[in-house]
A.B. asks: 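Encoded as structure tokens, here's the structure I'll be asking about.
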There are 2 protein chains.
Amino acid sequence: MSLSSKVREARVVFTPSGKRGYFPLGTPVLQAAQILGVDIDSVCSGRGLCGRCQIVQATGNFPKHKINSKSENISALSDTEKAYSKRPKKNLENGRRLSCATTILADCVIDVPADSQVHQQIIRKDADAFDIEILPPVQLHYVEVWQPDMHDPSGDLRRLREALEREWQLKDLRFGPGMLLSLQKELREGDWKVTVAVDYLGQVIAVYPGFRESLCGLAVDVGSTTVAAHLCNLRTGEVLASAGVMNPQIRFGEDLMSRVSYVMMNPGGDLEMTKVIRSAINDLALNVTSQAKRELDEVVEVAFVGNPIMHHLLLGINPIELGGAPFALATDESVRVRARDLNLKLHTNTRCYVLPCIAGHVGADTAGMILSEAPHHREAMTLLVDIGTNAEIVLGNNQRLLAASSPTGPAFEGAQISSGQRAAPGAIERVRIDRKTLEPRFQVIGSELWSNDPGFSKDTKGIGVTGICGSGIIEVIAEMYLAGILSQDGVINGNLAAKSKHIIADGRTFSYVLSNGQHIIHVTQNDVRAVQLAKAALYAGIRLLMERMEIETVDRIRLAGAFGSHIDVKYATVLGLIPDCDLKQVSSAGNSAGTGARIALLNYESRQEIEEVVRQVEKVETAVEAKFQEHFVQAMAFPHKVDSFPNLAKVIELPAEIDMQNHASSIQQRKIRRRRTSNKAL
Amino acid sequence: MSLSSKVREARVVFTPSGKRGYFPLGTPVLQAAQILGVDIDSVCSGRGLCGRCQIVQATGNFPKHKINSKSENISALSDTEKAYSKRPKKNLENGRRLSCATTILADCVIDVPADSQVHQQIIRKDADAFDIEILPPVQLHYVEVWQPDMHDPSGDLRRLREALEREWQLKDLRFGPGMLLSLQKELREGDWKVTVAVDYLGQVIAVYPGFRESLCGLAVDVGSTTVAAHLCNLRTGEVLASAGVMNPQIRFGEDLMSRVSYVMMNPGGDLEMTKVIRSAINDLALNVTSQAKRELDEVVEVAFVGNPIMHHLLLGINPIELGGAPFALATDESVRVRARDLNLKLHTNTRCYVLPCIAGHVGADTAGMILSEAPHHREAMTLLVDIGTNAEIVLGNNQRLLAASSPTGPAFEGAQISSGQRAAPGAIERVRIDRKTLEPRFQVIGSELWSNDPGFSKDTKGIGVTGICGSGIIEVIAEMYLAGILSQDGVINGNLAAKSKHIIADGRTFSYVLSNGQHIIHVTQNDVRAVQLAKAALYAGIRLLMERMEIETVDRIRLAGAFGSHIDVKYATVLGLIPDCDLKQVSSAGNSAGTGARIALLNYESRQEIEEVVRQVEKVETAVEAKFQEHFVQAMAFPHKVDSFPNLAKVIELPAEIDMQNHASSIQQRKIRRRRTSNKAL
């Protein structure tokens with residue numbers, strides 16, 4: 001006598017995945033989806049609490065699937081769903097249903113909307129960047145735990161483990177000893193119902209009493225000048241709040257090398273700097289959580305980027321080895337560390353992920369830039385440049401990646417320039433010089449008007465004209481060159497002093513006076529030299545990588561960082577900061593290091609990806625490459641003749657011929673000549 | 001044209017393992033041993049530094065192996081060995097050779113002495129205990145690391161990893177972020193030669209500059225009254241130093257329950273107690289390392305045992321749940337935690353292993369006792385008893401293990417007894433009462449003489465007779481019973497007051513006067529009652545487990561802890577603390593919890609073993625067993641008649657008949673009667 005009987009089944013197709021199967025009538029839609037491996041979210045394990053598992057029935061006839069998906073083919077709105085809709089900020093609109101509370105009654109087609117999927121995507125505004133797929137490093141699991149029983153004296157932790165395995169098939173989770181300190185309280189506060197945050201490595205991060213819906217993470221870009229933090233919803237990727245502060249280490253030294261010097265001169269100085277940077281991060285965390293009306297203990301994951309010295313100081317590693325050859329990193333691996341081991345006041349078990357450094361001068365910030373820009377996913381030969389006191393340069397595509405750092409010095413940041421300043425209101429950022437009269441006009445940060453526009457004074461009242469910032473320096477020097485004020489070798493032509501009041505003697509050299517009658521800023525011969533040194537260093541680094549890659553041109557250029565965002569790529573090309581390239585293919589990457597931190601925060605698989613890419617990047621140490629010096633010397637001059645930069649010539653008025661005072665010419669010119677010679681020989 | 005040629009090989013046999021193989025002539029003996037998997041130690045990876053890999057050639061003819069092992073069949077004493085012998089405290093005697101510096105020249109037999117093996121054994125003096133096999137949880141590996149190079153900018157950590165893999169085949173080791181803080185300093189201090197301590201889980205614990213020979217571990221028994229620590233050599237198992245202190249938590253409450261009450265009355269009281277116990281452990285660590293002339297940072301592993309409340313307080317877990325039903329442990333798993341997370345000032349990466357608790361009243365100390373006594377490795381049905389304020393009882397063999405805790409109260413520790421005191425100089429510990437005259441004689445701790453011996457007063461001068469300790473209480477009450485002063489129900493027979501000056505009226509009851517003319521200690525009716533309650537609780541617990549096991553007798557009894565070491569098992573049997581058993585099979589187990597901690601410290605495989613055993617132990621909660629109360633009431637009386645305890649009758653003068661005032665008799669007697677009835681029926 002057999003008790004078996006044929007169970008009636010229905011055919012179910014899920015869109016957009018196309019996954020399909022047969023299920024016994026009465027099966028909850030969520031269960032069917034989970035059995036098929038459909039990407040559908042759930043925190044409450046089908047209890048109708050979280051609302052994450054919403055679906056919409058696609059009604060109508062689907063000949064392709066041989067299904068007539070009638071509305072009565074799924075169960076009617078359940079009490080669970082009605083109760084869910086009554087809760088504040090919860091409702092089921094536009095035919096939305098809770099898949100956990102909806103059962104299959106006959107063949108049907110079920111659509112899983114994007115916001116019900118675990119693996120969501122962030123669409124980036126920057127058309128030149130890839131979208132971000134979300135794979136949260138920490139996920140929530142609601143469970144109901146059996147209460148302790150004298151007849152079965154198992155510990156609270158064991159019963160919690162059993163619940164996680166029973167309801168979520170989660171096995172062998174690691175509960176750090178710190179979890180034990182509050183576990184009993186949390187279980188009892190939640191009346192044995194808790195939401196458990198588990199990270200992608202199987203580490204339990206938090207046990208929250210009761211039902212909890214969402215978690216946050218923090219992406220932090222530790223720059224030597226500024227520290228920026230973004231609070232993100234770990235599920236949707238949404239940036240809930242952002243904040244930035246000056247790096248308080250500045251009081252120990254303006255730039256990286258002076259901070260390392262401080263440690264050399266003051267044993268224990270590294271500990272001071274570690275303390276202040278961690279304190280600043282705590283302040284930022286408080287700032288962004290307050291803005292977003294979240295608690296600090298909701299922040300369960302942090303991702304960090306920073307240059308090698310910031311990286312070491314953040315982790316509490318003495319950076320002294322990075323101050324001199326051979327510039328040995330303590331580690332070039334990624335680091336996973338408890339937030340509290342960095343004295344960060346987040347959830348007691350929050351973990352931090354610090355992206356890997358690449359070499360002694362090429363840090364986790366560059367790793368972040370690579371992760372954000374993903375040149376390794378492209379066919380196009382891409383040049384990534386992040387300009388600061390050092391310029392980090394990455395060159396390559398899906399075949400090969402090279403990276404180097406070039407010592408540009410702080411000129412591009414406004415330092416070492418007589419009237420230089422950081423990019424701040426009042427700083428000149430745009431400059432034009434009339435080719436004939438040599439009269440300048442300019443814009444300052446904080447105003448849309450040009451200095452010769454009526455109303456400029458009124459509009460800049462309270463701002464003033466306080467100096468010139470990095471992008472302004474690039475423009476004024478490029479314009480001086482284009483207007484013939486500067487020779488190709490960077491000498492201000494004193495002969496012009498007779499022609500224009502804007503060229504004045506300054507000791508044995510000359511200066512250009514950037515004024516509109518009211519405000520006066522001098523651009524001295526020394527300023528020009530400083531920019532020449534900086535741009536030569538940058539270009540020599542790029543050139544070195546191009547030679548190593550055996551290429552003469554690049555397909556794309558992405559300029560990262562604050563300077564890269566403000567700079568006008570035309571002028572950067574005129575001065576020879578970057579090689580000639582179709583200007584449509586030159587763009588700002590924004591704060592790509594910070595974006596990289598955000599990607600690493602939101603997508604745990606991206607961590608393994610960047611770790612592997614970083615291993616494969618070929619590191620080029622400019623300091624030991626004899627060729628670098630050669631390129632550097634050659635790149636000091638302003639190289640450009642109209643026919644050598646066809647791309648640039650399309651968008652900017654270039655001088656057809658420049659009055660060359662000597663023949664120290666750039667490598668490009670020589671190469672072009674050589675090519676011409678070859679042409680002749682053919 | 002082939003370059004291959006037949007390489008000449010020799011046959012090598014290693015003893016005592018018997019492992020054998022053929023090796024090319026010139027192969028170092030160590031390498032041959034390692035290839036064959038012979039158990040042979042080495043820290044320096046064959047550099048002739050550590051001297052761990054010593055062997056002795058067995059010379060002569062070995063027909064069994066077909067080898068004539070002539071002395072010239074291995075290489076002559078090498079320069080490396082000569083240099084090794086010249087170092088302080090190093091030499092090669094009795095034909096010892098460094099296997100790393102000795103090569104195979106022809107067939108030979110090589111003996112690996114016990115002290116050259118990784119897996120050594122500690123022979124225990126206690127003949128009833130198993131020897132301890134050593135499997136150190138942390139081992140040392142000496143490596144030479146490649147220096148950083150500008151052309152290959154890999155981090156110091158990566159080059160260390162490469163060295164560990166190159167020289168020791170150690171892969172995927174985990175370096176905690178804490179390791180990074182000092183790594184660069186250590187590598188440079190050691191001139192790129194370091195010794196790395198790696199634990200059995202692949203976690204790197206320490207990187208020591210240069211060559212390091214040995215490591216220590218600490219085994220700690222956290223008792224509610226005393227805390228004891230043993231510093232051990234992790235390789236040999238040798239106890240280098242031991243120390244004990246009073247548990248400073250005593251000022252918050254004498255016994256466990258009063259400490260839990262303190263937490264209930266004083267929120268945050270648990271934190272105070274956690275702080276003081278950790279501080280006491282730090283003091284102990286300093287004490288034992290100073291004694292052994294070691295540094296605190298040489299202590300790389302700690303093993304802890306303790307009852308559940310001590311366990312929770314040590315880990316910083318509020319023990320309040322253990323103060324009331326259902327006595328839920330935070331966890332019944334073992335805990336591995338960084339020493340510094342317990343504020344222990346050892347090496348910054350030292351890990352602690354805390355043995356698992358079994359149930360709310362049966363702690364990691366009982367797990368330690370099981371590990372030390374290993375009843376699960378024996379055929380014999382073994383009863384383990386550790387008597388304190390609670391008695392922990394384990395019953396079983398290699399088939400099945402039961403465990404329970406019984407609330408004996410503090411009477412056995414001298415508390416609740418009018419003249420009771422802890423075991424300390426001056427406390428009466430041995431008592432005899434003349435069966436006819438009822439005259440007592442006694443011994444006190446600190447003197448070998450009996451109180452009626454000439455010279456007792458002189459010998460105890462400065463000590464005095466200050467009270468009576470646990471073992472003394474057992475003896476005096478047992479002797480009172482055997483002398484007929486006590487009835488089976490525990491009533492002091494007032495009629496004897498007329499016969500002996502040692503029985504005196506004390507209100508409505510009588511007391512026995514324990515005196516030698518000079519010192520007077522009273523044993524009151526209340527004292528007898530207190531001991532009856534305690535012993536009834538203990539016996540009821542044992543009885544409950546025996547019933548659950550369905551046995552009437554046990555094969556072996558082991559008494560653990562301080563009380564178990566001092567008690568005379570005869571008297572314990574007379575009073576009915578333990579069931580009758582061949583007295584040769586009743587013995588003291590010493591501080592078996594502490595020994596368990598030492599085993600867990602020295603043999604990492606024992607940890608998995610005890611974790612598995614603890615999972616399988618059947619926990620019996622006396623508080624919810626109705627039978628317990630029944631046994632308890634029945635066990636109040638003193639049960640023993642000479643014929644019911646044949647084992648006991650062989651070694652002690654038992655009264656043939658006792659004047660029974662009532663018939664509340666023990667379960668044994670009833671069972672025996674029942675058995676007799678059965679016999680008659682046959």
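Letters go in sequence order (proteins before strands), and every chain restarts at 1. All values derive from a computational prediction rather than experimental measurement. All values below come from the heavy atoms of this structure, side chains included, with hydrogens, waters and symmetry mates left out.
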A.B. asks: Between Ile320(A) and chain B, which part of the residue has a heavy atom less than 4.5 Å away: side chain, backbone, both or neither?
C.D. replies: neither
A.B. asks: Are there more than 12 heavy atoms of other residues, nucleotides or ligands under 6.0 Å from atom NZ of Lys275(B)?
C.D. replies: no
A.B. asks: At a heavy-atom distance under 4.5 Å, which candidate from Lys619(A), Glu621(A), Arg615(A) has the highest pair count against chain B?
C.D. replies: Arg615(A)
A.B. asks: Looking at chain B, which one of His312(A), Arg338(A), Arg159(A) has the largest number of heavy-atom pairs inside 4.5 Å, strictly under?
C.D. replies: Arg338(A)
A.B. asks: What's the shortest heavy-atom distance between Pro153(B) and Leu329(A), and which atoms?
C.D. replies: O-CD1, 4.5 Å
A.B. asks: Picking from Cys357(B), Gly360(B), Pro326(B), which has the most non-hydrogen pairs under 4.5 angstrom with chain A?
C.D. replies: Pro326(B)
A.B. asks: Go through Asp149(B), Val620(B), Val624(B), Val362(B) and name the one with the most non-hydrogen pairs under 4.5 angstrom from chain A.
C.D. replies: Val624(B)
A.B. asks: Measure distances from Asp341(A) to the heavy atoms of chain B and classify the residue's part below 4.5 Å as side chain, backbone, both or neither.
C.D. replies: side chain
A.B. asks: In this structure, are over 12 heavy atoms from other groups packed under 6.0 Å from Trp192(A) atom CH2?
C.D. replies: yes
A.B. asks: Please list, chain by chain and in numerical order, all residues satisfying side chain to side chain donor-acceptor pair (under 3.5 Å) with Arg400(A), sequence neighbours excluded.
C.D. replies: Glu618(A)
A.B. asks: Which answer fits Val335(A), side chain, backbone, both or neither, if we ask what part of it has an atom under 4.5 Å from a heavy atom of chain B?
C.D. replies: side chain
A.B. asks: Highest number of heavy-atom pairs under 4.5 Å with chain B: which of His151(A), Gln147(A), Glu321(A)?
C.D. replies: Glu321(A)
A.B. asks: Taking every heavy-atom pair that is under 4.5 Å apart, which of Arg161(A), Glu625(A), His361(A) has the most such pairs with chain B?
C.D. replies: Arg161(A)
A.B. asks: How long is the gap from CZ on Arg336(A) to CZ on Arg174(B), to the nearest 0.5 Å?
C.D. replies: 14.0 Å
A.B. asks: Which heavy atom of Gly155(A) sits nearest to which heavy atom of Asp332(B), and what is that distance?
C.D. replies: N-OD2, 2.9 Å
A.B. asks: Could you tell me which residues in residues 179-191 of chain B have at least one non-hydrogen atom under 4.5 Å from a non-hydrogen atom of chain A, sorted by residue number?
C.D. replies: Leu180(B), Leu181(B), Leu183(B), Gln184(B), Arg188(B)
A.B. asks: Count the heavy atoms of every other residue, nucleotide or ligand shown that sit under 6.0 Å from CD of Glu162(B), and state whether that count exceeds 12.
C.D. replies: yes
A.B. asks: Just give me the residue among Ala330(A), Ala623(A), Ala359(A) that pairs up with chain B most often, heavy atom to heavy atom, under 4.5 Å.
C.D. replies: Ala330(A)
